[in-house]
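Working notes, beginning with the structure itself.
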Amino acid sequence: GKLQAAPDFELLMPPQTNIVCFRYQTRDQAAIRNALVESGAFHLTQVKLGGKVWLRTTVMNPFTAENDLDALLAAIRSTG
């Protein structure tokens with residue numbers, strides 16, 4: 001999908017469930033996560049694997065649309 005096609009994002013692995021682990025090109029994933037969560041715009045979690053911090057999002061709402069995902073990527077880009 002969108003993350004695989006975006007050269008400024010890295011997927012940990014292709015998603016097999018509704019949980020997606022990814023990184024943005026910047027080194028400070030935690031700062032991106034904190035800014036987005038504090039703004040109330042998106043809720044992301046983070047996990048440290050292989051010595052790297054990865055952002056995680058869980059898509060559970062059946063009404064999540066493609067433009068919602070576009071908005072998430074745009075917010076990460078503008079924050080990072």
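What you are looking at is a predicted structure, and each value in this text was computed from that prediction instead of being measured.
Under the 4.5 Å side-chain heavy-atom criterion for Ile, Leu, Val, Met, Phe, Trp and Tyr, Leu69 and Leu55 are members of distinct hydrophobic clusters. Following chains of ILVMFWY side-chain contacts shorter than 4.5 Å, one can reach Leu3 starting from Leu44, so the two form part of one hydrophobic cluster.
A side-chain hydrogen bond (donor to acceptor under 3.5 Å, both in side chains) check over residues 9-20, counting only residues at least two apart or in different chains, returns nothing. Within the structure, salt bridge (Lys or Arg N to Asp or Glu O under 4.0 Å) pairs that include any residue of residues 24-34 do not occur (at least two apart or interchain). Sorted by first and then second residue, the pairs that involve residues 71-80 and meet side-chain hydrogen bond (donor to acceptor under 3.5 Å, both in side chains), not counting sequence neighbours, are Asp8-Arg77. Legend: side-chain hydrogen bond (donor to acceptor under 3.5 Å, both in side chains) pairs involving residues 62-73, not counting sequence neighbours, sorted by first then second residue: Lys2-Glu66, Lys2-Asp70. Under the ring pair (Phe, Tyr, Trp, His ring centres under 6.0 Å) criterion, no residue pair touches residues 27-65, with sequence neighbours excluded.
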Output, in order, the C-alpha distance, side-chain angles, deciding distance and verdict of side-chain contact (heavy atoms from CB on, under 4.5 Å) for Thr58 and Thr45.
CA-CA 9 Å; Thr58 305; Thr45 60; 5.8 Å; no

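Residues Gln4 and Leu11 meet the side-chain proximity criterion, which asks for heavy atoms closer than 4.5 Å. Contact annotation: the side chain of Gln46 never approaches that of Gln29 to less than 4.5 Å [non-hydrogen atoms, C-beta and beyond].
Partners of Tyr24 by ring pair (Phe, Tyr, Trp, His ring centres under 6.0 Å), not counting sequence neighbours, listed by chain and number: Phe9.
Taking CD1 from Ile32 and CG from Leu36, the interatomic distance works out to 7.5 Å, rounded to the nearest 0.5 Å.
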